[in-house]
Number of protein chains: 8
Amino acid sequence: MSSALVSIICGSRSDLATVERGAALLTELAVAHEMRIISAHRAPALLDRYVSAATERGVRVFVCAAGLAAHLAGAVAARTAWPVIGLPMPGGSGGVGGGLDALLSTVQMPPGVPVATVGLGNARNAALLAAQILAISDPALAERIRALRAGQTRAVEDDPLNEGA
Amino acid sequence: MSSALVSIICGSRSDLATVERGAALLTELAVAHEMRIISAHRAPALLDRYVSAATERGVRVFVCAAGLAAHLAGAVAARTAWPVIGLPMPGGSGGVGGGLDALLSTVQMPPGVPVATVGLGNARNAALLAAQILAISDPALAERIRALRAGQTRAVEDDPLNEGA
Amino acid sequence: MSSALVSIICGSRSDLATVERGAALLTELAVAHEMRIISAHRAPALLDRYVSAATERGVRVFVCAAGLAAHLAGAVAARTAWPVIGLPMPGGSGGVGGGLDALLSTVQMPPGVPVATVGLGNARNAALLAAQILAISDPALAERIRALRAGQTRAVEDDPLNEGA
Amino acid sequence: MSSALVSIICGSRSDLATVERGAALLTELAVAHEMRIISAHRAPALLDRYVSAATERGVRVFVCAAGLAAHLAGAVAARTAWPVIGLPMPGGSGGVGGGLDALLSTVQMPPGVPVATVGLGNARNAALLAAQILAISDPALAERIRALRAGQTRAVEDDPLNEGA
Amino acid sequence: MSSALVSIICGSRSDLATVERGAALLTELAVAHEMRIISAHRAPALLDRYVSAATERGVRVFVCAAGLAAHLAGAVAARTAWPVIGLPMPGGSGGVGGGLDALLSTVQMPPGVPVATVGLGNARNAALLAAQILAISDPALAERIRALRAGQTRAVEDDPLNEGA
Amino acid sequence: MSSALVSIICGSRSDLATVERGAALLTELAVAHEMRIISAHRAPALLDRYVSAATERGVRVFVCAAGLAAHLAGAVAARTAWPVIGLPMPGGSGGVGGGLDALLSTVQMPPGVPVATVGLGNARNAALLAAQILAISDPALAERIRALRAGQTRAVEDDPLNEGA
Amino acid sequence: MSSALVSIICGSRSDLATVERGAALLTELAVAHEMRIISAHRAPALLDRYVSAATERGVRVFVCAAGLAAHLAGAVAARTAWPVIGLPMPGGSGGVGGGLDALLSTVQMPPGVPVATVGLGNARNAALLAAQILAISDPALAERIRALRAGQTRAVEDDPLNEGA
Amino acid sequence: MSSALVSIICGSRSDLATVERGAALLTELAVAHEMRIISAHRAPALLDRYVSAATERGVRVFVCAAGLAAHLAGAVAARTAWPVIGLPMPGGSGGVGGGLDALLSTVQMPPGVPVATVGLGNARNAALLAAQILAISDPALAERIRALRAGQTRAVEDDPLNEGA
């Protein structure tokens, strides 16, 4: 089996159900990936070691899902120069404005350390963005993504309401 | 001269000064790029033609800067399967919450059409993210980015206040 | 049967139940209309073709319902000079501030391409506004709207609590 | 001289400079209009009389500009069944979130009394929307709007940066 | 029976359950009051007539409960110089930020036409404020309010957790 | 000279310039008032003594101006059962959302301890509301307020733009 | 039994269930503590007496939990120079933005009277912070906290998904 | 000279002017402290080493000032069990809502890793809180803080406006 190119890290086990929708898309697109649950705040040394080891093994894109004061993506971006995708999670009853805290904590990075942020809880977009990035140097993957996108378009065109549109 | 790999599109001429800071970083990193000013709302057909032509010529990453109801990045992402980076612009006197309108309009894309969003007006991060993406298949560029990042780190370490830290 | 004057477009099937309350009002006011489900992001070419064809067939007002980074109304407004009504949808668990993302993405259009925005999820107002616009050149419709409005007023006046008010 | 079809009402004299940019566009498009400064809160009876008289004289679209707890557009919409366009004004030092108060006070109308809201301080869009509405029954005006829109598009296409785009 | 001194107006029947908690407090404090359901937008003329008639009959304080673009309190304040208390209602699924729209629409009145705004959905405080205002010229009512307040304080002091505090 | 009926308290000297606009209106309306600068946080015991003493001397309405985590009005309301008017101040560079922090800290009081909140920095409305409250038992003051309000209305009617409106 | 070093005060009985999670952590860390329910608004004199008495008895850190216009922590901070921890509570149906009102009312204190604010409803962090503060002069407690923190880290490391990470 | 008990870390040189106001207060209170400029994102390894070394040398409280997606305080809190005070900085033109991004990124920490957050840009409160924490085991410092607080109170009492209050 090929080594993982994408690493998906959750800040907490409670993010897992959402994030697995992204992992499923990577599987569908045949992008090798691995998943971990590492809090940037509760296990910073583990995160440090993991980012190094994963990069060493060939990971080229990180997807980081976290809520509240979501530092995970930024912490990873501080430790690697490969692209890091931030997936802010809506925070439930202790969050502010439906996840605005996680969104701002993820996207508003200082100059020099970017995080590629996608919409709140949108694990599918995080995974698809990872695949699009890898597709630049993988024509077969690019083709699979184009097919997926074409399928999305066809689903709209085939909606019964759109007949003859 | 090599053909552009990154296209930077501004929604309006007023975004140009900010965006040029990103272009300067791409030049510094020797990433071939081109710049356009195309409003998704005032010139949608031109945008359509341009995205096709640019892709055809070899552009692999789009950086889209826009303010207010910032649709530019989403409109480009709807027309290409290559990575699109959204750069929301603070809106000035007609904006809401210091650019919250542009940020939400850029990042909250529906499943299936991601936009990789960076912080408000952070053109440097948009450009660096584009370079990081291309560096996956360009070891020399990856090296230049690592050098840039190391320089950022050294600048902190060398701050007079940090002597002996 | 007369050709549609109003087109109602949803960005996603999940908006349909809300939007149908607007369609019902148009039926009640005898305004010919048609409905489509076309994502500006997943099927941009279809949207392009549809706006042209609908205009050609006689549509004079578009009502566009979308959530999150709601670009649908703006995308239609970029392709027609007839009035476009934007109906921002509350976003559910992935939305921000109860739909603030959709509201700002719809209303904050750049100069030169207006979208007539109504309240969050207020399909009745979107439909009534469309009818009011058409009523300027349709005295019989203007009369039906006045009757509807008078009925609304009477319902308040007839509230048991208001007896003798 | 023809009678006004569009009435522009400001809630306060301080809105006048912004609103005059909209009036200038109506003049450019040869749409007969008139302007008033009537606070819904300080002169409600005058507003009442004015809306009746203006409608009587032939006004078919109202544009209402107000800031803070911006009730002007809603107050006019409560008194006429012709289309009312709301132009929320950024509130200066006593406003909240750069005008979020005026935006929400204008757009979030109850079912049955719509206000067609445009972006914060965007007088040009308020005026253009009024013209688009009237153009449905005025083919010459529709032609002038199409020319204006085409000019906007050409201005983008002719930007020096876009040569050969 | 004595004539009403306080009038409680709801913008919609859906506000009634909340508002009745305020009415119950007025009854408890023996403040004569009456209740109406009058939308400022759907029945502006009725509101106009009612405010005049109520003032004529002796009403001295108005409590106005409304949600969304809550204009009711402002509309009443524009028509009377007696104190008007605004009670913004949380807006449910079509509201923004849990009722921020209603709060800003109620409190941000222009200079010269104040509305005394209380917290979101806090009918008890609206009613108590009305009573406090009337108590300035009604020593017996002032006494009853002091007793009520003392009771509130005692309830805290008597909490089992506070024994010996 | 008559004893003060209204007490205006600022939380900080920086609020004084704004608040004096309210004091000027009370002078114009011949409402006896006094002014203090007492921080609820830096001088709680002084505030405690002052509220008692002022009430003893005949103060019947308190106007409390404060910014940031504006507790002043609430602290006074906790210590008197006479009406307390809260005047939230826009917070300058350390405030959030143009004063949203002060507004929410002032208006969102718990049941049983109301604060009558006016708009951000709107000292004129705070003062006018105080006068309206006192006017219930002072017919001559009520007459002066009506004259003031009529003057406001006439100023609108006499605007040159409104000639013949 | 040793005297309490930490006092936990709730503004209302409805905060108790949340706050008890913090008390449990203090028990686990063997930090002597006591709990009270005292509203700063409904029982200000009791709060005054309690803060004095508690300080007298040896309390060195206060944890104050309150929602809405959450003044409790600030009121305590105004009355003691020992550290005060503010725990803003999400406000339920009458709150704004999921508790933004409580957060801003707690954290935005004026210079000279700090409140150490933790995240919304995060009673565990409020309690842990209190313990960390006391641990500076209590090496055994510092050791227990380090063990707790190490346990948190180990729980992450031992997650089945992280095997071999 | 005694070794530093408080470490003040800025995320960027632009925060220095604000933060020095806090350092000045520590000097006034004779609390030994040191200052560094270390970005958590640009120099994570340096931050790691510094937190260990500082703790080793005797630092017991960290004050961390950062703007935008302010991770600094959280990153330090992840690496030490001594109290960490977060000082969110208003973000200037690229910030959201006047610093709401920095505030939420600092305060909304996950359970188990608290950050004691003070108001936006309020360096004086950050420093005073650090001193209050250390004062628990330093009676002389506690005395100096009480004197400072008493001075604050006296300044209010001595305000010319408060004569005889």
Side-chain angles (χ1 to χ4, degrees), chain G residues 5 21-22 25 60-61 77-86 88 97 99-100 103-104 106-138 141-153 155-156, chain H residues 5 21-22 25 60-61 77-86 88 97 99-100 103-104 106-138 141-153 155-156:
Chain G
L5 288 168
R21 287 200 293 267
L25 179 61
R60 286 298 169 264
V61 182
R79 284 162 180 78
T80 182
W82 297 122
V84 176
I85 296 171
L100 190 60
L103 173 56
L104 296 175
T106 301
V107 77
Q108 286 287 71
M109 292 289 290
V113 191
V115 164
T117 305
V118 298
L120 277 160
N122 200 330
R124 191 175 172 84
N125 273 4
L128 183 49
L129 178 58
Q132 289 175 319
I133 287 170
L134 293 168
I136 292 177
S137 51
D138 180 343
L141 175 56
E143 199 44 58
R144 289 194 296 277
I145 291 172
R146 268 191 292 269
L148 178 96
R149 292 282 299 253
Q152 286 179 176
T153 302
V156 175
Chain H
L5 288 168
R21 288 201 293 268
L25 180 62
R60 285 298 169 265
V61 181
R79 286 164 177 77
T80 182
W82 298 121
V84 176
I85 296 171
L100 190 61
L103 173 55
L104 296 175
T106 301
V107 77
Q108 286 286 72
M109 291 289 290
V113 191
V115 164
T117 306
V118 298
L120 276 160
N122 200 331
R124 190 176 172 83
N125 273 4
L128 184 49
L129 178 58
Q132 289 175 319
I133 288 170
L134 292 169
I136 292 177
S137 51
D138 180 344
L141 175 56
E143 198 44 58
R144 289 194 296 276
I145 291 172
R146 268 190 291 268
L148 179 97
R149 293 281 299 253
Q152 286 179 177
T153 302
V156 175

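Chain letters run A, B, ... following the sequence lines, proteins first, then strands; residues in each count from 1. Treat the numbers as computed from the prediction; the structure is a model and nothing was measured.
In this structure, chain H has a heavy atom under 4.5 Å from the backbone of P110(G), while its side chain stays farther away. Proximity to chain H involves both the backbone and the side chain of V113(G), based on heavy atoms less than 4.5 angstrom apart. For R60(G), the parts sitting under 4.5 Å from any heavy atom of chain H are the backbone and the side chain alike. Both the backbone and the side chain of V118(G) come within contact range of chain H, each with at least one heavy atom under 4.5 Å from a heavy atom of that chain. Contacts between A131(G) and chain H at a heavy-atom distance below 4.5 Å are absent for every atom of the residue. Contact of L25(G) with chain H is not made at all, since no heavy-atom distance falls under 4.5 Å. Only the side chain of L103(H) comes within contact range of chain G, with heavy atoms under 4.5 Å apart. Within the 4.5 angstrom heavy-atom criterion, only side-chain atoms of I145(G), from C-beta onward, approach chain H. Only the side chain of L100(G) comes within less than 4.5 Å of a heavy atom of chain H; its backbone N, CA, C and O stay farther away.
Put simply, the side chain of L5(G) does not reach to within 4.5 Å of the side chain of D138(G), judged on heavy atoms. Between I136(H) and V61(G) there is a side-chain heavy-atom pair separated by less than 4.5 Å.
Contacts of R146(G) classified as salt bridge (Lys or Arg N to Asp or Glu O under 4.0 Å), with partners at least two apart in sequence or in another chain: E143(G).
Closest approach of N125(G) and M109(H) over heavy atoms only: ND2-O, 3.6 Å. For the pair T106(G) and P88(G), the tightest heavy-atom approach, listed with the atom from each and the gap, is OG1-CB, 4.0 Å. Closest heavy-atom contact between V115(H) and A77(H): CG2-CB, 3.9 Å.
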Pairs under 3.5 angstrom only: tabulate donor-acceptor contacts from the side chains of residues 78-85 of chain G to other protein residues two or more places apart or in another chain.
unit_1: R79(G); atom_1: NE; unit_2: D48(G); atom_2: OD1; d: 3.3
unit_1: R79(G); atom_1: NH1; unit_2: A75(G); atom_2: O; d: 2.9
unit_1: T80(G); atom_1: OG1; unit_2: W82(G); atom_2: N; d: 3.1

